[in-house]
Peer 1: 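Below is the structure I would like to discuss, written out as structure tokens.
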There are 2 protein chains.
Amino acid sequence: MPKNSPLSKTVSYAPPKPLYEQVKSYVLKRISSGDWPAYCRLPSEHTMVKDMGISRMTIHRALRELTQAGFLERIQGVGTFVAPIKAVPKNLELNDIDQVIRARGSKHHCKIHFLQAEPADTDAANLIAVSEGDQIFRSYFVHYENDIPLMLEDRHVSATLFPEYLEMDFHDSTADRCISNRFALLSHEHNIQAKVSDAEISHFLALDAATACLVINCRTWFGEKIVSTARMVYPGDRYHLG
Amino acid sequence: MPKNSPLSKTVSYAPPKPLYEQVKSYVLKRISSGDWPAYCRLPSEHTMVKDMGISRMTIHRALRELTQAGFLERIQGVGTFVAPIKAVPKNLELNDIDQVIRARGSKHHCKIHFLQAEPADTDAANLIAVSEGDQIFRSYFVHYENDIPLMLEDRHVSATLFPEYLEMDFHDSTADRCISNRFALLSHEHNIQAKVSDAEISHFLALDAATACLVINCRTWFGEKIVSTARMVYPGDRYHLG
DNA sequence: GAGTGGTCTAGACCACTCC
DNA sequence: GAGTGGTCTAGACCACTCC
């Protein structure tokens, strides 16, 4: 024991990473250093077992996880190869409006302009995949950051899939979160465009002059069915994504 | 053998899914049906081993993969629980401009307005994290869809990290893909806003009148270092994301 | 037939939590 | 101490590719 054993204890060895993590790190290091460029063939599992003295299941787990993460490609009967680099997914994460506002240190509140059942007109019927005239729910909210309007949320909701929608409390939670909490395994489809404010947008977002706005259209699926579609409009000078 | 055995052969049984996939499907079905709501405790691995007659490693793999996918949460020494539903990531995938244009069935080409080394001014130095006056590369391209300008790409590139940048061929590949092909394990950071076209944008994108534009700023990291930053401007009436 | 990766098992040891 | 999940092994059988 060295004389500074109390200190040594404080330093507390990082617990050694599991073997499969060590193998993953090793492979990633070889890839990022350029030792193993794209399409390069890796040693076989059997070879790695011999060379590293690690069991095949452990090697296999490491390589499988790197494959799932997009770094490798494996072909049964052939071998393991470094994946071409496009594999890095360029995703933009979309967060809830109230969380974004709170993360900025501001106060969020939501004004409900209307929240009602109505028969679907042609547009709404298309948006949410019901027949024209079917009853749907519609909500029309404006979200504020410290009393300045930041987002107009115009939402259609399926009355058959989510009959309780009108009774939700939208002051504590967003519509989006109410829907997420109600259904398991939702999927989302987004579309983002830029658009100059029109009379409707200018009115509800309190814009003096024509302003470029971000318009995000989001459709939410539960399995094969559309639960909700939302049009969210942000003034470009007050908000940006990402 | 039934009399239509040739047909039976043609039908070709789907090969049975691996056991761990069957376990995953079973658990997902229980979750999405509502049998196992959020925070619900799952049977222990040992219990599943007994009940299903499947070895623990196989059960464990199924539950681990569902955990990685965000459906479950596991606590060592405690148990396995259904994850609260927020887990569904709402991501927007950002694709390469030339691929988007070709996917629309249009023709892509790129006009190079300039491509040069220059000393970093204050803005550029901040964008790419070098010192003012350091040499950097700058490219200024316009991408066309069938001869209509669709995107202005103003890019700064680190001359130390990517000295070959000026010699790349940008007619066959995009700048973004050149960079991706050059480095392994890049990460990207995006910022999207709406902005009214100014004189510069109107000129290069051939806009007659003030137009709302999508502006995407993208920073590309190689480990701790910034390889490139790009400002990409799309006219809102010609393009939308997603 | 030799080599590859894909799956699965029965057992082991461990760290951790809860009692 | 009993129960939990986390890791690891040594072996097995398999489907697949390439020769």
Side-chain angles (χ1 to χ4, degrees), chain A residues 9 11-28 30-31 36 38-84 87, chain B residues 9 11-28 30-31 36 38-84 87:
Chain A
K9 267 199 164 166
V11 167
S12 85
Y13 303 94
K17 283 204 298 185
L19 278 176
Y20 72 90
E21 286 291 352
Q22 293 178 43
V23 174
K24 285 170 72 173
S25 298
Y26 169 77
V27 172
L28 282 180
R30 298 296 290 260
I31 292 176
W36 291 349
Y39 306 108
C40 170
R41 187 199 190 114
L42 266 67
S44 73
E45 295 190 350
H46 180 67
T47 307
M48 289 184 149
V49 166
K50 277 194 311 185
D51 291 357
M52 305 189 185
I54 295 175
S55 84
R56 192 180 152 224
M57 278 298 278
T58 301
I59 300 284
H60 182 77
R61 173 169 176 184
L63 299 182
R64 174 158 41 80
E65 292 188 358
L66 290 176
T67 305
Q68 286 166 345
F71 296 114
L72 300 177
E73 287 178 2
R74 319 196 73 188
I75 306 172
Q76 194 177 12
V78 181
T80 302
F81 306 86
V82 176
Chain B
K9 268 197 163 164
V11 168
S12 86
Y13 304 93
K17 284 204 296 186
L19 279 175
Y20 71 90
E21 286 292 352
Q22 294 178 41
V23 174
K24 285 171 72 172
S25 298
Y26 169 78
V27 171
L28 281 181
R30 298 296 289 260
I31 293 176
W36 291 348
Y39 305 108
C40 170
R41 187 198 190 115
L42 267 66
S44 74
E45 294 190 352
H46 180 67
T47 307
M48 288 183 149
V49 166
K50 276 194 310 183
D51 291 356
M52 304 189 185
I54 295 175
S55 85
R56 193 180 151 224
M57 277 299 278
T58 301
I59 299 284
H60 182 78
R61 174 170 174 183
L63 299 181
R64 173 158 41 81
E65 292 189 358
L66 290 176
T67 305
Q68 286 165 344
F71 296 113
L72 300 177
E73 287 178 2
R74 317 196 75 188
I75 306 172
Q76 194 177 14
V78 181
T80 302
F81 305 86
V82 176

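In what follows, every chain begins at residue 1, and chains take the letters A, B, ... in the order their sequences are listed. Computed from a prediction, not measured in an experiment: that's the story for all the values here.
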Peer 1: Anything under 3.5 Å between a protein N or O and an N or O of nucleotides 12-15 of chain C, put it in a table, one pair a line.
Peer 2:
unit_1	atom_1	unit_2	atom_2	d
dA12(C)	N6	R56(B)	NH1	3.2
dA15(C)	N3	Q76(B)	NE2	3.1

Peer 1: Calculate the interatomic distance between R64(A) atom CZ and dC8(C) atom P; express it in whole Å.
Peer 2: 11 Å

Peer 1: Picking from dT4(C), dG5(D), dT9(C), which would you name as closest to the side chain of S44(B)?
Peer 2: dG5(D)

Peer 1: Please report the closest heavy-atom contact between G79(B) and R41(B), naming both atoms and the distance.
Peer 2: CA-NH2, 4.1 Å

Peer 1: Counting only side-chain N and O atoms of Y20(A), is one of them less than 4.0 Å from OP1 or OP2 of dC8(D)?
Peer 2: no

Peer 1: So, using salt bridge (Lys or Arg N to Asp or Glu O under 4.0 Å) as the criterion, who are the partners of R30(A) when residues are at least two apart?
Peer 2: D35(A)

Peer 1: If you check the E45(A) side chain, which of dT9(D), dG5(D), dG6(C) turns out closest?
Peer 2: dG6(C)

Peer 1: Could you pull out the closest heavy-atom pair between L42(B) and F81(B), with the gap in Å?
Peer 2: CD1-C, 4.3 Å

Peer 1: Show me the pairs that pass salt bridge (charged side-chain N to carboxylate O under 4.0 Å, His left out) and involve residues 48-60 of chain A, at least two apart or across chains.
Peer 2: E45(A)-R56(A)

Peer 1: So, is T58(B) near the phosphate of dT7(C), with a side-chain N or O under 4.0 Å from OP1 or OP2?
Peer 2: no

Peer 1: Please report the distance, rounded to the nearest Å, between CD in E73(B) and P in dG6(D).
Peer 2: 12 Å

Peer 1: Choosing from dA10(D), dA10(C), dT4(D), which nucleotide comes nearest the side chain of S55(A)?
Peer 2: dA10(D)

Peer 1: Mark yes or no for whether Q22(A), through its side chain, and K17(A), through its backbone, hold a donor-acceptor pair below 3.5 Å.
Peer 2: yes

Peer 1: Under the rule for side chain to side chain contact (heavy atoms under 4.5 Å, CB included), what residues qualify as partners of Y20(A), not counting sequence neighbours?
Peer 2: P18(A), K24(A), T58(A), R61(A), A62(A), E65(A)

Peer 1: Can you give the dot-bracket line for DNA chain D, using ( ) for pairs inside the strand, [ ] for pairs that cross earlier ones, | for pairs with another strand and . for unpaired bases, where Watson-Crick and G-U count if both distances are under 3.5 Å?
Peer 2: ||||||||||||||||||.

Peer 1: Using every non-hydrogen atom in the two residues, find where A38(B) and A83(B) come nearest and quote the distance to one decimal.
Peer 2: CB-O, 4.1 Å

Peer 1: With side-chain contact (heavy atoms from CB on, under 4.5 Å) as the criterion, how do E73(B) and T67(B) come out once you've worked through the C-alpha distance, each side chain's angles and the decisive distance to 0.1 Å?
Peer 2: CA-CA 6 Å; E73(B) 287 178 2; T67(B) 305; 5.8 Å; no

Peer 1: For L42(A) and dG5(C), what is the distance between atoms CG and P respectively, to the nearest whole Å?
Peer 2: 9 Å

Peer 1: Counting just side-chain N and O atoms, does H60(A) come under 4.0 Å of either OP1 or OP2 of dG6(C)?
Peer 2: yes

Peer 1: Indicate the atoms forming the closest heavy-atom contact of W36(A) with V82(A), along with that distance.
Peer 2: O-CG2, 3.7 Å

Peer 1: Taking 4.0 Å as the cut-off, does a side-chain nitrogen or oxygen of R74(B) come that near to OP1 or OP2 on dT4(D)?
Peer 2: no

Peer 1: Could you check T80(A) against M57(A) and say which one's nearest nucleotide on DNA chain C is further toward the 5' end?
Peer 2: T80(A)

Peer 1: Give the nucleotide from the list dC8(C), dT7(D), dT4(C) with an atom nearest to the side chain of R41(A).
Peer 2: dT4(C)

Peer 1: Could you tell me the separation between the CD atom of Q22(A) and the P atom of dT7(D), rounded to a whole number of Å?
Peer 2: 12 Å

Peer 1: Specify the separation, in whole Å, of atom CD of E65(B) and atom P of dG6(D).
Peer 2: 13 Å

Peer 1: I want to confirm an ordering. Mapping V78(A) and L63(B) to their closest nucleotides on DNA chain D, which one lands closer to the 5' end?
Peer 2: L63(B)

Peer 1: Taking atom P of dG6(C) as reference, at what distance in whole Å does atom CE of M48(A) sit?
Peer 2: 13 Å

Peer 1: Are OP1 or OP2 of dC8(D) and a side-chain N or O of R61(A) less than 4.0 angstrom apart?
Peer 2: no

Peer 1: How would you list, by chain and number, every residue that makes a side chain to side chain contact (heavy atoms under 4.5 Å, CB included) with S44(A), sequence neighbours excluded?
Peer 2: H46(A), T47(A)

Peer 1: In this structure, how many angstroms lie between the C1' atom of dT7(C) and the CD1 atom of I59(A), rounded?
Peer 2: 17 Å

Peer 1: L19(A) has an atom CG; how far is it from atom C1' of dG6(D), in whole Å?
Peer 2: 12 Å

